[in-house]
Amino acid sequence: MLLIGNATVLTFDEETPIINNGAVLIEGIKIKEIGETEVLLQKYPNAVFKNAQDKILMPGLINTHTHLYSTFAKGMNLKTGTPPQNFLEILEKLWWRLDNTLNENDIYYSALFAILECIKNGVTTIFDHHASFNYIDGSLDIIAQAAMEVGIRANLCYEVSDRHGQTKSDASLKENERFIRKIRVSQNDKLGGMIGLHASFTLEDRTLNKASELADELHVPFHIHVAEGREDLQDSVKRGYMGVVDRLTKFKILRPHTLAAHGVHIKKEEIPILKESGAWVVHNPESNMGNAVGAAPIKDFFDHEILTGLGTDAYTHDMFESIKVANLLQKHQLGDPQAGWNEVYNMAFNNNIQIVSNLLGVEIGKIKENFRADLIIVDYIPPTPIEKDNVYSHILFGVNGGMVETVIIDGKIIMDNREVTVLDYERIHRRTREQARRFWERF
């Protein structure tokens, strides 16, 4: 048993939201008991004790939309002359070229390094949306291998798109099916699978029908970009639909538990349709700002009781950063200093938990007895008291991912005092940089 004590324990459990000088006892993969440090020390004298030294002990964070394959884009020369002028050009000049260049080693090292960056920022669960049209079959196994080597929880999918033709579109659907069937046999509850789709505007009717039939057969939802840019909306209107939600609902893509990433250009008239579909939205504020596509109508989603989670779209691996920017973006967009406060908290600390519970089938995101022991220690000792009514304020204005010093998943210490304990981080860093240079030469 592992006993972490002398901590300011932020439980995110309404019954006991904060325990000063608190301790958490971990037995196996689960939280066994929570209480005051001295009490649990006396009760469990033989437990291995880890002193948190008055730092914050809280649940690991969840990222419900990211792209691990984007690692090698950092600092890369696009070699295109004129920089991208709009969202479609960003896709064409960067991302679609990148995902069509990735080989087996690129996939592995870009995923492995990105997962380690997630760990270093206190993220213990991710929902990844992958594309590598130069290497489709088996690509999700490579990412799963990287995830398991680190120990992170991961829900994976492969991005189906018709932009490279029907043969690769069909192969992409088969990769989703193969992987989902494989992990069901393995019964590894750290891995999950969904059917990945790129976006409505790169998917033809035939492919949407095949994807919908496969989802019915496998009883799984989708992970898809929805109305991220105006191009997606314009394409659906050109095809004769009200908008993207209207089209995807007609093909049964938007169904219960589907993750609809972005939702920036969902028309107001479509929001009730989205609600009725049972699909969920994932907000990615920094990516939307960086791509200049606009701001998602988060308040409208909440007003219609559409469950909305929070991701990063790989713009960052720091979910604390995404929380801060999501809060600021709503205030800026609506001209209201109160906007986003409750919504962003719920996205990060309630809705992301519900998404994991439904799609991975594990109880995480709270420090509570019998929940999985996915915990982080954050080196944040503020000049003012942390109390039950100001916990979120401290997170919003005081904490960032660089303060995370210890990460525990399923009771296993993955990072301790900022040192990764499960792999040779320095070797992987060097190997990743070498692989990135080779990738840049091929790009």
Side-chain angles (χ1 to χ4, degrees), residues 65-114 117 128-136 139 142-143 158-169 171-172 196-204 207 224-236 238 244 261-262 264-265 284-295 311-317 321 325 431-443:
H65 181 70
T66 192
H67 299 281
L68 298 174
Y69 72 83
S70 69
T71 299
F72 294 162
K74 291 181 179 178
M76 186 172 64
N77 185 349
L78 296 185
K79 307 174 185 177
T80 58
T82 306
Q85 302 299 304
N86 54 52
F87 179 55
L88 184 57
E89 288 192 7
I90 292 171
L91 293 175
E92 292 172 341
K93 293 185 175 185
L94 173 56
W95 299 117
W96 292 352
R97 287 177 60 203
L98 186 149
D99 67 44
N100 202 34
T101 305
L102 293 165
N103 64 25
E104 182 177 3
N105 286 331
D106 298 329
I107 295 167
Y108 174 72
Y109 281 103
S110 62
L112 184 61
F113 189 80
E117 289 297 289
D128 185 60
H129 195 279
H130 177 68
S132 54
F133 286 95
N134 185 51
Y135 193 103
I136 299 173
S139 60
I142 297 170
I143 299 171
Y158 189 95
E159 173 184 297
V160 178
S161 173
D162 286 309
R163 65 182 182 267
H164 296 293
Q166 181 176 317
T167 299
K168 288 196 174 183
S169 174
S172 302
L197 300 174
H198 173 243
S200 175
F201 77 103
T202 70
L203 292 161
E204 300 303 324
T207 302
I224 177 173
H225 304 95
V226 175
E228 181 177 2
R230 290 188 182 278
E231 296 81 0
D232 207 9
L233 170 60
Q234 292 165 351
D235 178 80
S236 287
K238 186 177 179 180
V244 181
H262 302 292
V264 175
H265 294 283
N284 302 276
E286 288 178 288
S287 172
N288 296 158
M289 295 170 73
N291 289 325
V293 295
T312 67
D313 201 31
Y315 193 95
T316 178
H317 297 299
E321 183 178 304
V325 176
R431 186 65 183 85
T432 301
R433 185 172 290 186
E434 292 168 3
Q435 191 64 35
R437 190 166 294 283
R438 294 190 186 99
F439 176 83
W440 284 6
E441 292 170 356
R442 285 181 274 113
F443 181 77

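In this chain, numbering begins with 1 at the start of the sequence shown. Computed over heavy atoms, backbone and side chain alike; hydrogens, waters and symmetry mates excluded.
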J.: Carefully, step by step, assess Thr312 and Glu286 under the rule side chain to side chain contact (heavy atoms under 4.5 Å, CB included).
T.: CA-CA 7 Å; Thr312 67; Glu286 288 178 288; 5.6 Å; no

J.: Could you report the tightest heavy-atom contact between Asn288 and Gly294, atom names first, then the distance?
T.: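 Distance-wise, the nearest heavy atoms are CB-O, 3.3 Å.
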
J.: More than 12 non-hydrogen atoms from neighbouring residues, nucleotides or ligands closer than 6.0 Å to CZ on Arg442, yes or no?
T.: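 It does: Arg442 CZ has more than 12 such atoms within range.
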
J.: For Phe439, I'd like to know if atom CZ has over 12 heavy atoms of other residues, nucleotides or ligands within 6.0 Å.
T.: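 Yes, CZ of Phe439 has more than 12 neighbouring heavy atoms, counting only those of other groups under 6.0 Å.
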
J.: Does atom NZ (Lys238) have a neighbourhood of more than 12 heavy atoms from anything else shown, all under 6.0 Å?
T.: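 Incorrect, the count does not exceed 12.
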
J.: I need the Ser132 OG to Ile107 CD1 distance, nearest 0.5 Å.
T.: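 With rounding to 0.5 Å, OG (Ser132) is 3.5 Å from CD1 (Ile107).
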
J.: Would you find more than 12 non-hydrogen atoms of other residues, nucleotides or ligands less than 6.0 Å from Arg230 atom CZ?
T.: no

J.: Could you tell me whether the side chain of Glu92 and the main chain of Ile90 form a donor-acceptor pair under 3.5 Å?
T.: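 Judged by distance alone, no pair lies under 3.5 Å.
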
J.: Grab the two heavy atoms, one from Ser200 and one from Ile224, that are nearest each other, plus how far apart they are.
T.: N-CD1, 4.4 Å

J.: Tell me the closest heavy-atom pair linking His129 and His225, and the distance in Å.
T.: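 Looking at all heavy atoms of both residues, the closest pair is CE1-CE1, 3.4 Å.
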
J.: So does Arg433 have more than 12 non-hydrogen atoms from other groups sitting under 6.0 Å from CZ?
T.: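 No - once you tally the heavy atoms of other residues, nucleotides and ligands closer than 6.0 Å, there are 12 at most.
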
J.: Rounded to the nearest 0.5 Å, what separates atom NE2 in His265 from atom CD in Gln234?
T.: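 The CD atom of Gln234 is 9.0 Å from NE2 of His265, to the nearest 0.5 Å.
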
J.: Once rounded to the nearest 0.5 Å, what's the spacing between atom CG of Leu78 and atom CD of Glu89?
T.: 11.0 Å

J.: Where do Phe72 and Ser110 come nearest, in terms of heavy atoms and distance?
T.: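 Minimum heavy-atom separation between Phe72 and Ser110: CZ-N, 4.0 Å.
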
J.: Would you mind reporting whether Leu98 and Met76 have side-chain heavy atoms less than 4.5 Å apart?
T.: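 Yes. Closest side-chain heavy atoms under 4.5 Å.
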
J.: Any chance you could measure Arg438, atom CZ, to Asn103, atom CG, to the nearest 0.5 Å?
T.: 9.5 Å

J.: Verify, without hydrogens or angle tests, whether Asp313 (side chain) and Asn284 (backbone) share a donor-acceptor contact under 3.5 angstrom.
T.: no

J.: Please determine whether side chain to side chain contact (heavy atoms under 4.5 Å, CB included) holds for the pair Leu112 and Thr432, giving the CA-CA distance in whole Å, both sets of side-chain angles, and the decisive distance to 0.1 Å.
T.: CA-CA 9 Å; Leu112 184 61; Thr432 301; 5.9 Å; no

J.: Can you check whether Lys168 reaches Ile136 side chain to side chain, under 4.5 Å on heavy atoms?
T.: yes

J.: How are the rings of Tyr158 and Phe133 set to each other: parallel, tilted or perpendicular (split at 30° and 60°)?
T.: perpendicular

J.: Can you tell me how far apart CD1 (Ile142) and OH (Tyr135) are? Round to the nearest 0.5 Å.
T.: 4.0 Å

J.: Could you tell me whether the side chain of Ser172 reaches within less than 4.5 Å of the side chain of His164, counting heavy atoms only?
T.: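 No. Closest side-chain heavy atoms not under 4.5 Å.
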
J.: Could you tell me which non-hydrogen atom of Asp232 sits nearest to which non-hydrogen atom of Ala199, and how far apart they are?
T.: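 Where Asp232 meets Ala199 most closely, the heavy atoms are OD2-CB, 3.9 Å.
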
J.: Could you check whether any side-chain N or O of Asp128 sits under 3.5 Å from a backbone N or O of Leu68, counting only pairs where one atom can act as donor and the other as acceptor?
T.: yes

J.: Show the numbers, then the answer: is there a side chain to side chain contact (heavy atoms under 4.5 Å, CB included) between Glu204 and Gln166?
T.: CA-CA 9 Å; Glu204 300 303 324; Gln166 181 176 317; over 6 Å; no

J.: Would His198 and Trp95 count as a ring pair (Phe, Tyr, Trp, His ring centres under 6.0 Å) here? Give the steps.
T.: CA-CA 12 Å; His198 173 243; Trp95 299 117; over 10 Å; no

J.: Side-chain contact test, heavy atoms from C-beta onward, threshold under 4.5 Å: evaluate it for Asp106 versus Gln435 and give yes or no.
T.: yes

J.: Hey, what's the ring geometry for Tyr69 with His67, parallel, tilted or perpendicular (30° and 60° as the breaks)?
T.: perpendicular

J.: Nearest 0.5 Å, please: how far is CZ in Phe87 from CD in Glu231?
T.: 6.5 Å

J.: For Asn134 and Leu102: C-alpha separation, side-chain torsions, deciding distance, then whether side chain to side chain contact (heavy atoms under 4.5 Å, CB included) applies.
T.: CA-CA 6 Å; Asn134 185 51; Leu102 293 165; 5.8 Å; no

J.: Heavy-atom distance under 4.5 Å between the side chains of Leu233 and Phe201, does that happen here?
T.: no

J.: Return the minimal non-hydrogen interatomic distance between Leu88 and Trp96, and the atom names on each side.
T.: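 Closest approach of Leu88 to Trp96, heavy atoms only: CD1-CH2, 4.2 Å.
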
